[in-house]
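Here the structure comes first, spelled out in structure tokens, and everything after it is commentary.
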Amino acid sequence: MSDTNGLSRETIGFVLQTEKDARRAFRVLRETHTISASGTLFFAVRIPGEDKIITLNYAGLWEDDPDQAVTSVIGFDGTLHWGNAPGGAARYLKIFKKYPDFQAISHVHTPHLGAYSQAHSELPLLYVPNRRFRFTAQLPVYINRRQPEPDFILEAIEQDREVPGIVEANGGATIWSWKSLRDLTNTIVLLEEGAQFQILGQALGGSKPFGPGVLEQQWKMGKLVPPDARVDDDGTIHLPETAQAAE
């Protein structure tokens, strides 16, 4: 199989399909007002089986076709295989190198995650869809920029493999996925939606902790715990005796 710009036909096909997926994601995030008006948004996506990533930048509000991604392909060694310089997304190569199953990441500015970032506040995950598929209780906030952001993210993942992102103080948020670009886009929507609802809730006395049985219900729905497990309201999981004996 011949290569073009150092890329195989299969890889070029994957890049072109990912551009289509990113175009749809950009449109979804824009039309749902998930992103802020300035349009700060980009993705970086792993190319399967290769030491390369695709970077896809949102073109912005002044373009005739704002959803057409500005695309680059960069190798783990820094070699540019496609497009122009990839910009900020290249800084996340360190994370892709460390975790072979790390699939996609986005830096994004959204109105309500942005509010938490302005307050230098961690984001408590009190919106049930954000807890259904993870045990993580909050997003950490990245404040000290003398520490490179990728290093802060690596520390956050080492402490909690399921954490889906960070709040960037005085900026936006960086969100990632171990699955796909589509899963990443859904995560951005849900985290922004949760942040919005929690901010709106301040007018009614503020968000409250989950009620009795919520975590057990959600974690069973998300298949995080077996159907016959018991979950205390503080998140303590009690597995069935048969499962414990097997362990």
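Nothing here was measured: the structure is a model prediction, and the numbers come from that model. Along the sequence shown, the residues carry numbers beginning at 1.
Two residues are said to be in side-chain contact when any heavy atoms from C-beta on lie closer than 4.5 Å; H107 and R91 meet this criterion. The shortest distance between side-chain heavy atoms of R23 and D65 falls below 4.5 Å. In this structure, L154 and I95 have side chains that are in contact, with non-hydrogen atoms separated by less than 4.5 Å. Between T18 and F43 there is no side-chain heavy-atom pair separated by less than 4.5 Å. Put simply, the side chain of L139 does not reach to within 4.5 Å of the side chain of Y116, judged on heavy atoms. Using a 4.5 Å heavy-atom cutoff, the side chains of Y92 and T55 are not in contact. Between E149 and I166, the closest side-chain pair of non-hydrogen atoms falls below 4.5 Å. Put simply, the side chain of Q198 reaches to within 4.5 Å of the side chain of L123, judged on heavy atoms.
Of the possible polar contacts, none joining the K223 side chain to the M221 backbone as a donor-acceptor pair under 3.5 Å is found. Put simply, the side chain of W219 gets close to the backbone of R131: a donor and an acceptor are under 3.5 Å apart. Listed for the D232 side chain is no donor-acceptor partner under 3.5 Å among the backbone atoms of D234.
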Pair K98-E158, side chain to side chain contact (heavy atoms under 4.5 Å, CB included): steps then yes or no: CA-CA 11 Å; K98 178 161 184 179; E158 287 167 5; 2.6 Å; yes
Residue pair D77, D51: steps toward the side chain to side chain contact (heavy atoms under 4.5 Å, CB included) verdict: CA-CA 8 Å; D77 61 358; D51 290 341; over 6 Å; no
Worked verdict on F210 versus V128 for side chain to side chain contact (heavy atoms under 4.5 Å, CB included): CA-CA 8 Å; F210 292 125; V128 288; 3.5 Å; yes
Salt bridge (charged side-chain N to carboxylate O under 4.0 Å, His left out) between E216 and K220, intermediate numbers included: CA-CA 6 Å; E216 180 171 326; K220 286 181 178 179; 2.9 Å; yes
Derivation of the side chain to side chain contact (heavy atoms under 4.5 Å, CB included) call for F42 and V108: CA-CA 7 Å; F42 60 74; V108 58; over 6 Å; no
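Within a 6.0 Å radius of NE2 in H33, no more than 12 heavy atoms belonging to other residues, nucleotides or ligands are found. Around the CZ atom of R161, the shell of radius 6.0 Å holds more than 12 heavy atoms that belong to other residues, nucleotides or ligands.
A salt bridge is defined here as a Lys NZ or Arg NE, NH1 or NH2 lying under 4.0 Å from an Asp or Glu carboxylate O, and R134 with D160 fails to meet this definition.
A side-chain contact (heavy atoms from CB on, under 4.5 Å) with F135 is found for exactly one of L215, L125, I237, V163, namely I237.
Applying the salt bridge (charged side-chain N to carboxylate O under 4.0 Å, His left out) test to R27 and every residue at least two apart in sequence or in another chain returns E31.
Distance check: E122 CD to I143 CD1 gives 8.5 Å after rounding to the nearest 0.5 Å. Atom CZ of residue R230 and atom CG of residue L239 lie 10.5 Å apart, to the nearest 0.5 angstrom. Residue R145 holds its CZ atom at 11.5 Å from CZ of F152, rounded to the nearest 0.5 Å. To the nearest 0.5 Å, the span separating OG on S106 from CD1 on I35 amounts to 9.5 Å. Taken to the nearest 0.5 Å, the CD atom of Q147 stands 10.0 Å off from the CD1 atom of I153. The CG atom of L41 sits 11.0 Å away from atom CZ of R30, with the distance rounded to the nearest 0.5 Å.
For the pair G211 and D233, the tightest heavy-atom approach, listed with the atom from each and the gap, is O-OD1, 4.3 Å. When every heavy atom of Y127 is checked against every heavy atom of E193, the shortest pair comes out as OH-OE1, 2.6 Å. Contact record, K179 with Q103: O-CG, 3.5 Å, taken as the closest heavy-atom pair. Minimum heavy-atom separation, P226 to P240: CG-CD, 4.2 Å. Nearest approach of F14 to R46, heavy atoms of both residues: CE2-O, 3.5 Å. Among all heavy-atom pairs drawn from A59 and Q68, the shortest one is CB-O, 3.7 Å.
Between E192 and T34, the side chains place no donor N or O within less than 3.5 Å of an acceptor N or O (distance only, hydrogens not considered).
A tilted orientation is assigned to the rings of F76 and F96, their planes being inclined by 30° to 60°.
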